[in-house]
Every structure is written in C-alpha cells, then in structure tokens.
Amino acid sequence: MATRKIGIGIIGMGWMGTVHSRAYRAIPDRFPACDIVPELIICADEQEARAEKARKRFGFAECTTDWRQVLSHPEVDVVNIATPNHLHLEQATAAVAAGKHVLCEKPVGRNPEETAAIAHAAEKAGVITWVGFNYRWPPAVQRTLELIQDGTLGQLTHYRGWFLVGYASDPYSVLSWRLQEDLAGMGALGDLMSHAADMAMMLVGPITRVIGQRETFIKERPVATPGQGDHYTTNKDGPTAPVTNEDYVSALVRFQNGVHGTLETCRVIQGPQSEIGFSIHGTKGSIRWDFERMNEFELYLAKDEPERGYRRVMTGPQHPLHAHFSPGAGIGLGYDDLKAIEAFHFMQSVARGEQGEPGFEQVLAVAEVQSAIKRSWASESWEHIKPID
Ligand SMILES: NC(=O)c1ccc[n+]([C@@H]2O[C@H](COP(=O)([O-])OP(=O)(O)OC[C@H]3O[C@@H](n4cnc5c(N)ncnc54)[C@H](O)[C@@H]3O)[C@@H](O)[C@H]2O)c1
C-alpha cells in the first residue's frame, strides 16, 4: 500500500487543539500498518502566542490568528475544529463548503438546531465528518460492545449511564466559556450528556423517548480572563457574573429495543473527577465500567458465577486495539491514547473515502435526544425523539 499523506489544519489551540495535534502525530507510530501520514500543515488560534507555541511544539509548517486561512490553504485536506462551541457553526459550515473533511469537537452545535444545521451542510457537501466522542474507544468499552453483540449478556433489560465531573465543583472556578449560554449553548446537556447519550446509543441502540430534569447549583462565578487558564482555573478575587446554563441534567430514557435506561450528568459534583461510565444488564449477565478505572471492567455472567459476584477483568492485548499501545495486560492506556485511536479511525475513513462512525449522523442522533430532553423540561412529561427542523 502506498503511503497516503493527509494535510491537517487545526483551529483552536487550547486543550483539545493540543491533544488532537499529538493524536495525529501518533498515527505512524501506533498504527504503522495503515501507511497514513498526517501532515501538520497549519494551526490557528485567535491568541497569537498560543498559535505560535503550538506551531513550534508540534511542528506545524505555519500558524495564523485567522482561522479562514486554514480553510483556504491548498495543502489542507482535513479541518479539525477545537474552538469554543459558539464558533462551530460558522467554522464547520465554511470548512465543508470549502470541500474539506471535518472533525468537529462535541457537542458540535451550541444547541440541537445548530448541530443539525452543521450536519445537513456536511451531508450536502459530501465530505467525511467525525466527532470527538473519544470515550467510545477504551478497549474495555469496545469489548463490552462485542459482548452485547455476540449475545453473551443475553437480552438487554436496562442501562444506566452517567458522566459526573468535578471541574466546576469549586464555587471559585471561573466563569469559562463553558458556563455561558451565548458561548457554550447547553451546559451539562451539551458538554457531558452528549458523551453519555452517544455511549448509550452506541452500546444499546436508538433512544425513542425521554423525560429529564436540570439544575444550576452554583449560580454566580468569578469572571475569566480571555486567553488565560482553562476550565479548571479558579479566582477568589475580582468581579463575578451569573452562570447561564445548567450544571446538572438527568433523564429517564427508553430505547427502541425496549431497554429501560437512566442517564445522569453533573459538572459540579464532589467526589467523581471524570467519571463517565455505564452499568448494563441483560438476561445472562451484566457489565460495569467507568473511565476513572479505564483499563478494567467488571463482568458478571450468571452461568459462571456460583458466588454471584462480579469478576474484575484487566484489559490487555486480547482486547480491541490495546496491543497498539502496550504488549501486556494491566499496562493501561490514557486519555490521549483514545484521541490517537479516534484520529486513526478518522484518517482511515478519509483515506478510504468511506464515512465511518462517529460522524455527524451520530451527533445528529445525540442532538435529537438533547432536543427532546429540553422539551421535557418545559412539558414535564415524556417527549418522543423527532427530527430537528
Ligand atoms: N472530546 C472531549 O473529551 C472534549 C474535552 C474537552 C473539550 N472538548 C470540546 O473541544 C472544544 C474546545 O474545548 P477546549 O477545552 O479545548 O477549549 P479551550 O478553551 O482550552 O481552547 C479553545 C481555544 O480556541 C481558541 N479560540 C477562540 N476563538 C478563536 C477563534 N476565533 N479562532 C481561533 N481560535 C480561537 C482559544 O484562544 C483557545 O485557545 C469544545 O467544543 C469542547 O466542548 C471535547
């Protein structure tokens, strides 16, 4: 197979922009057999110092403060959008109109309508799309999917999913863009529920109806300084301003295949730090997993368990893609490795010209769930999933 070079342009060189840069660089090392070489062509950040620092750090050929230069660059095949959510609609629709393949970070739009507009624009342009639903990729999660699909767990009966994080649990955590409706759009519903709903639908199937609730527990926070810090930054001095989106969202869900479920997300919880997880129950067994212990899962198979206890399984080279990172069980992957797997699948999709998952079709399904949860806040009753206008 001839080596395929794919030109990469990244917009937004904050946390995700740097993680994505590292992920593209990891592909020839972690997945040498695929013969794909992503080339870091140009990176953009409105903060010149960040753009320049990223250029030097990751070896981009160029950098800019004008994101439109990424789209017009002739050597860029793929535009990777890692800016705050309020910029995604304009940047993603312009990128697909320029004929570029696009990876956009979740939740893609600020609200379900923006996500739908972006998805429809990309479909019309006929480009390959991808979404940063990286929690699909731990070997334990992929093994769970296999055990569901091959019938090991039997007929699924119920599912519990959650994403509980403490990044804003300190009341002095600054009012970053994530906590402002005009910049982020949805709060926990966008930031965290997007991952939790995608995980649930990947493992169990489409959701057909929901009823949800929400709360903003910390209503006022210190104002952030633009271009400084991240969403873990705290400040005890200075002016404060209101939080304008929700800290907490939970929902009862029904899946198309009859499975009952609950989803819960919170960004101000005390205790869990970055706990996305699930507990899945079927007629023959159960599995539970969470990201804070990413490299293991707990399996209960009724036929094998006279003591009626869960078995702890360490992930190892026998599990999907683990061997690309380490030859032994218990020598685990980290968050950035999930981004390398994500970049690998996306690059393969681009190289083959075949849309893979998760693309914008999957984030549109998530947006339809978010839209129904929002409607249920107002109606206080079950809402059916339906297409977004
Ligand atoms: N998949 C995941 O696990 C995950 C994790 C964190 C964030 N995200 C998503 O990634 C995106 C970015 O989040 P982040 O944590 O990296 O944010 P961040 O604040 O760390 O970085 C955003 C960067 O965009 C830059 N920027 C702002 N306006 C710009 C413009 N007009 N042109 C170019 N650059 C501009 C900022 O200067 C900053 O460097 C969000 O959509 C977020 O929801 C996904």
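Since the model is a prediction, treat every value here as computed from it, not as a measurement. Read the numbers this way: they start at 1 and go in the same order the structure lists the ligands and their atoms.
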* Are Asp35 and Arg4 close enough for a salt bridge, meaning some N to O gap below 4.0 Å? -> no
* Could you find the nearest protein heavy atom to atom 3 (O) of ligand 1 and give me its residue, atom name and distance? => Tyr335 OH, 2.7 Å
* Is Glu298 paired with Arg312 through a side-chain N to carboxylate O contact shorter than 4.0 Å? -> no
* Which atoms from ligand 1 have a heavy atom of Pro84 less than 4.0 Å away? -> 22 (C), 24 (O), 27 (C)
* Asked: Can you find a heavy atom in the side chain of Glu52 that is under 4.5 Å from one in the side chain of Phe60?
  -> no
* **Lys53 and Asp45 ion-paired at < 4.0 Å** => no
* Considering only NZ, NE, NH1 and NH2 on the basic side and carboxylate oxygens on the acidic side, decide whether Lys339 and Glu105 come within less than 4.0 Å. => yes
* Side chain, backbone, both or neither: the part of Thr65 lying under 4.0 Å from ligand 1 by heavy atom -> neither
* Numbering as shown, the atoms of ligand 1 that approach Glu46 to under 4.0 Å (heavy-atom distance) -> 26 (N), 27 (C), 28 (N), 29 (C), 30 (C), 32 (N), 33 (C), 34 (N), 35 (C), 37 (O)
* To do: May I ask you to list the atoms of ligand 1 that are less than 4.0 angstrom from any heavy atom of His88?
  => 41 (O)
* Asked: Closest non-hydrogen protein atom to atom 19 (O) of ligand 1, residue and atom name please, with distance?
  -> Trp177 NE1, 3.0 Å
* **Glu383 bridged to Arg375 by N-O distance under 4.0 Å** => yes
* Structure fact -> In this structure, atom 37 (O) of ligand 1 is nearest to the protein heavy atom Asp45 OD1, 2.6 Å
* **Full working for ring-ring contact (aromatic ring centres under 6.0 Å, His included) between Trp130 and His101** => CA-CA 8 Å; Trp130 212 261; His101 306 296; over 10 Å; no
* Asked: Which protein heavy atom lies closest to atom 44 (C) of ligand 1, and at what distance to 0.1 Å?
  -> Glu105 OE1, 3.1 Å
* Could you check atom 20 (O) of ligand 1 against the protein and tell me its nearest heavy-atom contact, residue, atom and distance included? => Trp15 N, 3.0 Å
* Side chain or backbone of Glu48 under 4.0 Å from ligand 1, or both, or neither, by non-hydrogen atoms? -> neither
* **Geometric class of the Tyr24/Phe346 ring pair [parallel <30°, tilted 30-60°, perpendicular >60°]** => tilted
* Structure fact -> Per-atom filter on ligand 1: closer than 4.0 angstrom to a heavy atom of Gln47 are 37 (O)
* Should Lys106 be counted as touching ligand 1, given the test is an N or O pair under 3.5 Å? -> yes
* Asked: Side chain, backbone, both or neither: which part of Arg50 has a heavy atom under 4.0 Å from ligand 1?
  -> side chain
* To do: Over 60° means perpendicular and under 30° means parallel, so classify the ring planes of Phe31 and Phe344, tilted if in between.
  => parallel
* To do: Considering the heavy atoms of Asn85, write down every atom of ligand 1 situated less than 4.0 Å from one of them.
  => 40 (C), 41 (O), 43 (O)
* Structure fact -> Closest to atom 16 (O) of ligand 1 among protein heavy atoms sits Met16 N, 2.8 Å
* To do: Considering only NZ, NE, NH1 and NH2 on the basic side and carboxylate oxygens on the acidic side, decide whether Arg25 and Glu39 come within less than 4.0 Å.
  => no
* Using distance alone, decide if ligand 1 has a nitrogen or oxygen within less than 3.5 Å of any nitrogen or oxygen in Pro107. => no
* Structure fact -> atom 12 (C) of ligand 1 has as its nearest protein heavy atom Ala82 O, 3.4 Å
* Asked: Would you say the side chain of Arg267 lies within less than 4.5 Å of the side chain of Leu192, judging by non-hydrogen atoms?
  -> yes
* Please examine the side chains of Ile269 and Val165, heavy atoms only from C-beta on, and report whether any two atoms are closer than 4.5 Å. => no
* To do: Run the numbers for me: atoms of ligand 1, each under 4.0 Å from some heavy atom of Asn134, listed by number.
  => 1 (N), 2 (C), 3 (O)
* **Close approach of Phe133 to ligand 1, heavy atoms, under 4.0 angstrom** => no
* Protein heavy atom at shortest distance from atom 28 (N) of ligand 1 -> Leu87 CD1, 3.3 Å
* **Carboxylate-amine/guanidinium proximity below 4.0 Å for Lys100 and Asp77** => no
* Asked: What part of His195, side chain from CB on, backbone N/CA/C/O, both or neither, has a heavy atom under 4.0 Å from ligand 1?
  -> side chain
* Asked: Near Lys339, which atoms of ligand 1 are under 4.0 Å from a heavy atom of that residue?
  -> 1 (N)
